[in-house]
Amino acid sequence: MNCEECHEREASLHFTKIINGEKTEFHICEHCAKEKGEFMPGSNSFSIHQLLSGLLHGDGHVPNTPSSNFIPPSLSCEKCGMSYYQFAKIGRFGCENCYKAFDSKLNPIFKRVHGGNTLHAGKIPLRAGSSIQEKKQLQQLKQALQQYILNEEFEKAAETRDIIREIEHRLEQGRDS
Amino acid sequence: MSLERFISDAISPWMKREGPESDIVLSSRVRLARNIHQFVFPIAADKESAHEVIASISSCMNGENDAAEAENFEMLMMEKLKPIQKRVLVEKHLISPNLAEQAKYGAVLMNDDESVSIMLNEEDHIRIQCLAPGFQLEEVLHKANEIDDLIEKSVDYAFDEKRGYLTSCPTNVGTGLRASVMMHLPALVLTKKMSRIIPAINQLGLAVRGIYGEGTEAQGNIFQISNQMTLGKSEEDIMEDLAGVVTQVIQQERAARKQLQDGLKLQLEDKLFRSLGTLENCRIIQSKEAAKCLSDVRLGIDLEILPGISKTILNELMILTQPGFLQQYAGEVLTPEERDIRRATLIRERIKLENR
Ligand SMILES: [Zn+2]
Ligand SMILES: [Zn+2]
């Protein structure tokens, strides 16, 4: 049987989906399953949590092949003990460290939930974020420096370079302490 | 308890103020989801760690901070409340159903006018909610940010440079911001335009839900519009997108109201007066019919077709006729049939107060 996504490779993962008591079979190859992060059969009539669980794992459709075929059983968070399989089932992280533990799998999920976005662009906490603020500032300053050099505004370039050095120095020291 | 007294207990003080565009926008709300660094999320937390979260937040809200001093925050622990008391808090929108029903070690901190509630150990450690009457998204975000900064003075948040504020649910990560407005849109429903507007709003990445009803069916023509994305956009951009859509919907609703008044004045008057008649005379009324009639009466007030009735009556009665409040007013547990009778009585009494 061919994969319903690419219609090329042999389907090796088979899902059963039940809508209004009607059973529907889904067949997909491992390559496509991986490429999509997780596999979600097209439907938009779920509640947000069903939907989310669907995004993560195919809306509770029990894979006929063991899930370990495409999720290593070892993938779990060492801090709270949550496994990726559990996370996919309940759609909730157990702790902040889960974000690190499951990082390799998160981009496709975030992309779907957040309109293609995977990176934060909003508020930064004042205290915990002071070094992050400085790093952002550093990036902006470096861009400005390039611009000054291109424009041959060497006095401004020198000033900017000094500020950059100062911040870099501060960040270095912060790392040591 | 007299009805006047009961109403004043049931309605949060912030609701009594009139906000901008309040003929269409009932309220604006912002919620920020936050977690504390190095504590596992509530879903995985034990009693001890949950209580530590409560202790650390309550101490920073009642501590030496200037802003906390200016305002008095009261703490309510979920495990100490009766089911009916929790239900009442849900019906006032002060806590989420999830906090009332699921959260084992949940708590809420509330300010005096009930415009700020800080839920603890809900899905996330901290959920700051700010409410305001009418269309005031900027104001509620500003207030929520103030509380956020205040808490952050004594607490390290779970935050990641790449992912932003780390939340239990992947749908909240990034800003942790959910902003929403509650809108009364009877004319768009009557002129059958709502069914075209909802998909258009969805396409812009915003969610539209009917409230007080199960699923997406709007009871009383009240809809909630909120942002869905929390990652990859700044708070300001999220708010701007939402405010832009809300402004459009307000204009559409006003246009539809004018269209009804110009073209179908007699039919409209007939409908609205009949609904008022139903509310004044009913002896048994289900929540769905009550919501429909209340919506009509509210439209009648806004269009000055039904004079002499105060504007807040819809907001009040929408809350007062919920099961939790009906039972609190009755002082006993009621069956659905008994509730329909009590609801009718309460509505009649409330309208009588207007006519004195
Ligand atoms: Zn394939
Ligand atoms: Zn974890």
Side-chain angles (χ1 to χ4, degrees), chain A residues 37-38 44-49 51-53 55-56 77-83 86-88 90-103 105-136 139, chain B residues 32 34-45 49 123-125 141 144-145 148-149 151-177 202 204-205 207 209 214-216 227-239:
Chain A
E38 292 341 315
N44 42 27
S45 58
F46 310 120
S47 80
I48 182 71
H49 288 132
L51 183 69
L52 188 67
S53 155
L55 291 174
L56 301 171
C77 171
E78 69 272 20
K79 184 165 182 204
C80 70
M82 174 98 58
S83 69
Q86 272 178 299
F87 162 67
I90 60 171
R92 299 285 190 289
F93 296 105
C95 75
E96 61 192 306
N97 189 63
C98 289
Y99 280 86
K100 281 200 192 97
F102 310 144
D103 190 58
K105 298 221 159 248
L106 295 182
N107 277 352
I109 297 166
F110 289 162
K111 269 188 191 159
R112 282 210 195 91
V113 179
H114 298 288
N117 300 318
T118 60
L119 293 174
H120 180 54
K123 186 172 178 177
I124 294 168
L126 302 168
R127 221 152 51 101
S130 63
S131 72
I132 300 170
Q133 308 255 26
E134 282 187 322
K135 270 191 240 167
K136 289 224 153 133
Q139 274 174 4
Chain B
L32 295 177
R34 299 287 186 254
N35 287 286
I36 305 177
H37 180 49
Q38 285 184 338
F39 281 69
V40 296
F41 296 156
I43 196 173
S49 118
E123 191 177 281
D124 296 298
H125 293 140
L141 179 65
N145 269 326
D148 186 37
D149 295 343
I151 295 174
E152 205 222 310
K153 275 186 191 169
S154 43
V155 168
D156 272 333
Y157 281 146
F159 182 86
D160 177 76
E161 196 176 342
K162 214 165 55 150
R163 309 298 194 190
Y165 292 93
L166 304 177
T167 53
S168 180
C169 185
T171 56
N172 295 317
V173 70
T175 57
L177 169 69
N202 287 337
L204 296 167
R209 274 185 301 159
E214 286 304 309
T216 51
N227 68 305
Q228 276 190 298
M229 285 175 239
T230 55
L231 191 62
K233 276 190 189 185
S234 71
E235 286 79 0
E236 289 70 27
D237 287 345
I238 291 170
M239 298 304 260

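All values below come from the heavy atoms of this structure, side chains included, with hydrogens, waters and symmetry mates left out.
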Does a side-chain heavy-atom distance below 4.5 Å link [X] with [Y]?
X	Y	answer
A:Val113	B:Met229	no
A:His120	B:Arg163	no
B:Phe159	A:Glu96	no

Donor-acceptor contact below 3.5 Å, side chain B:Lys233 vs main chain A:Asn117 = no
Ignoring hydrogens and angles, tell me if any N or O in the side chain of A:Arg92 forms a donor-acceptor pair with the backbone of B:Phe41 under 3.5 Å.
-> no
Hey, could you give me the [atom1]/[atom2] distance between [X] and [Y], rounded to the nearest 0.5 Å?
X	Y	atom1	atom2	result
B:Thr171	A:Ile109	OG1	CD1	12.0 Å
B:Tyr157	A:Ile124	OH	CD1	15.0 Å
B:Cys169	A:Ile90	SG	CD1	10.0 Å
A:Cys98	B:Ile43	SG	CD1	9.5 Å

Top contributor to chain B contacts, counting heavy-atom pairs under 4.5 Å, from A:Asn107, A:Asn97, A:Leu106 | A:Asn107
When A:Gly81, A:Gly94, A:Gly116 are compared by non-hydrogen pairs under 4.5 Å with chain B, the top option |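 Option with the greatest count: A:Gly94.
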Give, as side chain, backbone, both or neither, the part of [X] having an atom under 4.5 angstrom from any heavy atom of chain A.
X	answer
B:Asn145	both
B:Glu236	neither
B:Leu231	both
B:Ile151	neither

Apply side-chain contact (heavy atoms from CB on, under 4.5 Å) to B:Gln38 and A:Lys79, showing your working.
-> CA-CA 9 Å; B:Gln38 285 184 338; A:Lys79 184 165 182 204; 4.1 Å; yes
Going by an N to O cut-off under 4.0 Å, is there a salt bridge joining B:Lys162 and A:Asp103?
-> yes
Do A:Lys123 and B:Asp149 meet the salt-bridge criterion of a basic N to acidic O distance under 4.0 Å?
->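 Looking at B:Asp149 and A:Lys123, the cut-off is met.
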Taking all non-hydrogen atoms of both residues into account, name the closest pair between B:Pro170 and A:Gly91 and its distance.
-> CD-O, 3.2 Å
Who pairs with A:Phe93 by ring-ring contact (aromatic ring centres under 6.0 Å, His included), at least two apart in sequence or on another chain?
->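 Checked A:Phe93 against ring-ring contact (aromatic ring centres under 6.0 Å, His included); matches are A:Phe87, A:Tyr99.
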All side chain to side chain contact (heavy atoms under 4.5 Å, CB included) counterparts of B:Asn227, not counting sequence neighbours | B:Arg178, B:Ala179, B:Leu206, B:Thr230, B:Ile238
Any idea which of B:Ala45, B:Gly164, B:Pro42 has the most non-hydrogen atom pairs under 4.5 angstrom with chain A?
->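 Option with the top pair count is B:Gly164.
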